[in-house]
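Values reported hereafter were calculated over all heavy atoms of this structure, with side chains retained and with hydrogens, waters and symmetry mates removed. All chains are named by letter (A, B, ...) in the order of the sequence lines, taking the proteins before the strands, and each is independently numbered beginning at 1.
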Amino acid sequence: MNMMSDPNASRKDWLGLLAKAPAADVAHYWAELAMAPDYTILRNPEIGGVMVRGRAGAVGAPFNLGEMTVARASVKLSDGTVGHGYVQGRSKDHALTAALVDALMQTDEADRIGANLLTPLRTAREERMATRAAKAAATKVDFFTMLRGED
Amino acid sequence: MYVAVKGGERAIDNAHAWLAQERRGDTSVPELSVAQIREQMTLAVNRVMAEGSLYDPDLASLAIKQARGDIIEAIFLIRAYRTTLPRFGGSEPIDTGDMQCDRRVSATFKDAPGGQILGPTFDYTHRLLDFKLAADGEAGDVTLAEPQTAAMPHIMSFLGRENLIQPEHAGQAVPDDLTRTPLELPASRALRLQSLTRGDEGFLLGMAYSTQRGYARNHAFVAELRIGAVAVEMDIPELGFAIEIGEITVTECETVNQFQGSKTQPPQFTRGYGLVFGMTERKAISMALVDRALRWEELGEDNLGAPAQDEEFVLYHCDNIQATGFLEHIKLPHYVDFQSELELIRKLRREVQSNMCKEAAE
């Protein structure tokens, strides 16, 4: 993803982070922010399925792999800013919080939310990924030659 | 004669109550939580997600608990739940080249760029029961190493550079969907792959094994097997662009198979493909072998009459929910059907017996 050329890059980034974060973590940092924004619901939080696709041979024609559960919601702040949340799993609260965060990230509250919600979510995610990658790296095979047959 | 009967309600209620008690088992043993199943029976959970065709570890764990560990019953529960979900849309095809690999091995290239990463595998264990687990299931420490930052390209791309492997063609952007339209034959490869990825692991394992033993002989090398997390992206109309809506763990298997060519076309290896939800290695390898066997026609091979080449046979019998539904219905009351069979056999016997009496009299 080229951050310079894509005007939606930062919004994509926080929406993706919110979608992949554990619902409990999102709820925790959101509660700590103790914000009570004035908003109306555009789309009630709802649970649904998304058909996940793969490609034949990893690079060929798309095919349907199976569905995953997704929750979504949309809100409008009193100043008219609209936010959308699409998150993995079946937590309606997670979807609603994601929609509120998406809306607030487009307002003056962006720095506060970025620092106190998105940054800790990102840090936790990066730590989880780094730990897994470190465990995987320890199982990498180092081949060495024991005997050559041609001598 | 047919008599309409009603009843059994009390018996059914009592049976279900007893079922719940049997599910719980000995109450002096602590109850199993859904979270325990999710965290400690991961591979069963993965199988239920793959064959239930719904990625949701919590739901799959609940289904396993409810089904008393009967995996096909759990898959049934997930399939039934799946039908209640409104469909928000279809994702962009996942990019398995961008996977964070927990495991990645190649049986064809020892020194593949990115290396051979064993991951948390059962391979090389001695398959001896570990009695320590019966006493104390605590795991020891795990060794960490400097994480790899280099890309881990698909092994197939190296063969592709030399044109040694048959290329994959772009197909229709929105593939046919088994869950929306009934399966019709001949099926597109997209439909075959969808059907195989949610198919029964045991059935596909048997089919794949048959190809190894010589039915539609098709020697396969595992060019690459990779397991890990990939992001799922979907286009969101109200946003006007695609975002990541989650992350799933998948297993991918790419096989390199015997080559074909002609006087005018230089020979190329052919390929089979397996992609399955979760850490489901046996299933992904089986899928790749069966996918390859089913491709005989498009690759210009002979129909050897092998079961694994017969798409009708494979696709119509690989779904364990369809199979179990039809199989198990025969234990339900068939009193009326059987009554007519009884009438018939009695009539036929009477006819034969009266003929025999006549012959004896003559």
In terms of heavy-atom pairs under 4.5 Å, which option from [options] contacts chain A the most?
{"options": "B/Gln148, B/Gln100, B/Glu254, B/Arg271", "answer": "B/Gln100"}
{"options": "B/Leu118, B/Ile243, B/Leu178, B/Ile248", "answer": "B/Leu118"}
{"options": "B/Arg87, B/Glu146, B/Met49", "answer": "B/Arg87"}
{"options": "B/Val174, B/Leu275, B/Val142", "answer": "B/Leu275"}
{"options": "B/Leu239, B/Val276, B/Leu193, B/Thr197", "answer": "B/Leu193"}
{"options": "B/Asp176, B/Ile165, B/Asp58, B/Leu59", "answer": "B/Leu59"}

Donor-acceptor pair, [X] side chain versus [Y] backbone, under 3.5 Å?
{"X": "B/Arg38", "Y": "B/Leu62", "result": "no"}
{"X": "B/His154", "Y": "B/Glu224", "result": "no"}
{"X": "B/Gln116", "Y": "B/Phe109", "result": "yes"}
{"X": "A/Ser91", "Y": "A/Ala23", "result": "no"}
{"X": "B/Arg226", "Y": "B/Thr96", "result": "yes"}
{"X": "B/Ser195", "Y": "B/Leu191", "result": "no"}

Tell me, with the steps shown, if B/Glu238 and A/Tyr86 meet side-chain hydrogen bond (donor to acceptor under 3.5 Å, both in side chains).
-> CA-CA 11 Å; B/Glu238 54 268 38; A/Tyr86 273 79; 2.8 Å; yes
Can you tell which part of [X] gets under 4.5 Å to a heavy atom of chain B, answering side chain, backbone, both or neither?
{"X": "A/Arg43", "answer": "side chain"}
{"X": "A/Val87", "answer": "backbone"}
{"X": "A/Ala130", "answer": "backbone"}

Side chains of [X] and [Y]: closer than 4.5 Å at any heavy-atom pair?
{"X": "A/Arg53", "Y": "B/Ile94", "result": "no"}
{"X": "B/Arg292", "Y": "B/Leu299", "result": "yes"}
{"X": "A/Asp102", "Y": "A/Val82", "result": "no"}

Which portion of [X] sits near chain A, non-hydrogen atoms under 4.5 angstrom:
{"X": "B/Val250", "result": "side chain"}
{"X": "B/Glu252", "result": "side chain"}
{"X": "B/Glu92", "result": "backbone"}
{"X": "B/Ala242", "result": "backbone"}
{"X": "B/Ala50", "result": "neither"}
{"X": "B/Met234", "result": "side chain"}
{"X": "B/Thr121", "result": "neither"}
{"X": "B/Cys101", "result": "backbone"}
{"X": "B/Asp95", "result": "neither"}

Short N-O contact, A/Arg11 and A/Asp6, less than 4.0 angstrom | no
SB check B/Arg189 B/Glu168 (cutoff 4.0 Å) = yes
Name the option with the most non-hydrogen atom pairs under 4.5 Å to chain B; the candidates are A/Gly89, A/Ala134, A/Ala137.
-> A/Ala134
